[in-house]
Amino acid sequence: MNDLLLASLLAGLFGLIAGSFLNVCISRLPHDYSVVTPRSHCPRCGAMIAWYDNIPLLSFLLLMGRCRACRMPISFRYPLVEFSTGLLFFWAWWRTGGGWAGVKWCLFAAILVELIFSDAETRILPDEFTLGGLFAGLALAPVVPVPEGILSWLWRLQAPETPRALESFLHASASAALLSGGLWLMGFLYERVRGREGLGFGDVKMTAFLGAFLGFESALLALMAGSLLGSVLGFLWIKARGADAATYELPFGSFLGAGGILAAATRL
């Protein structure tokens with residue numbers, strides 16, 4: 001087994017642990033609950049969960065998907081989040097070769113997993129992950145440069161002696177501002193024309209986070225892919241539920257997160 005494969009497997013195992021913590025965030029942050037206290041407990045019977053019943057994936061399998069105390073089913077979201085995070089951590093580390101690039105894209109994957117599942121369940125995108133992700137993307141841009149694009153080239157024409165780290169930071173900042181500002185403007189115009197909100201501000205902040213990590217072109221691809229997925233899959237979901245398409249609130253952040261994963265896959 002080569003060193004990169006071993007390191008990627010370890011990253012995947014760490015991703016399983018990170019996924020367990022993300023499950024806590026998904027359950028608590030949208031309701032403004034602490035992610036530290038109280039200890040993990042069954043949401044139905046309130047029984048505290050022992051450490052050996054909280055091992056990622058394994059405990060779910062050993063318990064056959066049921067609470068040890070009340071035997072009520074455990075949401076399948078828990079193992080799905082853990083497995084998804086572990087798989088994305090493995091893939092990110094393997095594709096980047098590790099180092100700071102691996103750290104950056106593992107962090108990106110963890111934030112997206114939380115936002116995808118949080119929006120799907122509660123239609124809330126916590127600021128801790130949208131704004132936190134934005135600041136993390138900007139902080140990491142000088143260390144692991146965002147993919148070059150038209151904004152990089154335009155800046156290089158104006159100031160060719162700019163250090164690459166500063167250029168990357170400016171590119172990430174401009175991408176976040178332009179894309180989130182454009183999305184906010186679209187939502188504002190929609191509300192003025194239709195008389196009802198068509199886009200939550202959490203989606204705008206999530207778009208800024210994507211711009212800071214991916215750069216302009218890749219984040220734009222994520223936005224387009226998320227919109228396409230939302231249009232097609234969202235339409236099918238609404239029809240399957242027999243809901244009113246004019247009033248049903250789709251979790252756009254979930255589709256945007258899937259678009260972000262697809263866009264990152266084209267760059268790594």
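None of the values given here were measured: they were computed from a predicted structure.
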Contact summary for Leu229 and Ala258, nearest pair of heavy atoms: CD1-CB, 3.9 Å
Is atom CE of Met48 surrounded by more than 12 heavy atoms (other residues, nucleotides or ligands) closer than 6.0 Å? yes
Verify side-chain contact (heavy atoms from CB on, under 4.5 Å) between Val143 and Lys104, making sure each step is shown before the conclusion. CA-CA 9 Å; Val143 182; Lys104 175 176 179 174; over 6 Å; no
Does the side chain of Leu134 reach to within under 4.5 Å of the side chain of Phe213, using non-hydrogen atoms? no
Expected output: side-chain Arg68 to main-chain Leu63 donor-acceptor under 3.5 Å: no
Taking all non-hydrogen atoms of both residues, which atom of Arg28 and which atom of Arg39 are closest, and how far apart? NH2-O, 3.4 Å
Is there a side-chain contact (heavy atoms from CB on, under 4.5 Å) between Phe117 and Thr122 once you walk through the steps? CA-CA 8 Å; Phe117 284 90; Thr122 65; over 6 Å; no
For the side chain of Ser175 and the backbone of Phe216, is there at least one donor-acceptor N/O pair under 3.5 Å apart? yes
Exactly one of Val24, Asp127, Leu125, Val35 should register a side-chain contact (heavy atoms from CB on, under 4.5 Å) with Leu29. Which one does? Val35
Do Phe129 and Val204 belong together in a cluster built from hydrophobic side chains that touch within less than 4.5 Å? yes
Under 3.5 Å, side chain of Ser168 to main-chain N/O of Arg164, donor-acceptor pair present? no
Ile55 and Leu62, any side-chain heavy atoms less than 4.5 Å apart: no
So Leu214 and Phe108, do their side chains get closer than 4.5 Å, heavy atoms only? yes
same_hphob_cluster(Leu4, Trp105) at 4.5 Å side-chain heavy-atom cutoff: yes
Min side-chain heavy-atom separation Leu10-Trp93 under 4.5 Å: no
Between Ser218 and Ala263, which heavy-atom pair has the shortest distance, and what is it? O-CB, 3.3 Å
Polar side-chain atom of Glu217 near backbone of Ile150 as donor-acceptor pair, under 3.5 Å: yes
Could you check whether any side-chain N or O of Ser34 sits under 3.5 Å from a backbone N or O of Thr37, counting only pairs where one atom can act as donor and the other as acceptor? yes
What verdict does the side chain to side chain donor-acceptor pair (under 3.5 Å) test give for Ser27 and Tyr78, after you've listed the backbone C-alpha separation in whole Å, the side-chain angles of each residue and the deciding distance to 0.1 Å? CA-CA 10 Å; Ser27 297; Tyr78 289 91; 3.3 Å; yes
How are the rings of Phe60 and Phe76 set to each other: parallel, tilted or perpendicular (split at 30° and 60°)? perpendicular
Smallest heavy-atom separation, Ala136 atom then Leu107 atom, equals CB-CD2, 3.9 Å
Within the side chain of Ser118, is there an N or O that forms a donor-acceptor pair under 3.5 Å with the backbone of Ile124? yes
Which heavy atom in Met206 sits nearest to a heavy atom in Leu112, and how many Å separate them? CE-CD2, 3.9 Å
side-chain contact (heavy atoms from CB on, under 4.5 Å) for Met224 and Leu220? Distances and angles first, verdict last. CA-CA 6 Å; Met224 294 171 62; Leu220 182 60; 4.1 Å; yes
Side chain Arg95, main chain Arg267, donor-acceptor under 3.5 Å: no
Determine the minimum heavy-atom distance between His171 and Ser152, stating which atoms define it. ND1-OG, 2.9 Å
Considering only heavy atoms from C-beta outward, does the side chain of Pro56 approach that of Phe83 to under 4.5 Å? no
Do Leu151 and Leu178 have side chains that approach each other closer than 4.5 Å (heavy atoms only, starting at C-beta)? yes
Can you check side-chain contact (heavy atoms from CB on, under 4.5 Å) on Leu223 and Leu210, steps first, answer last? CA-CA 9 Å; Leu223 187 57; Leu210 290 173; over 6 Å; no
Test your reading of the model: is there a side-chain donor-acceptor pair from Thr85 to the backbone of Ala18, 3.5 Å cut-off? no
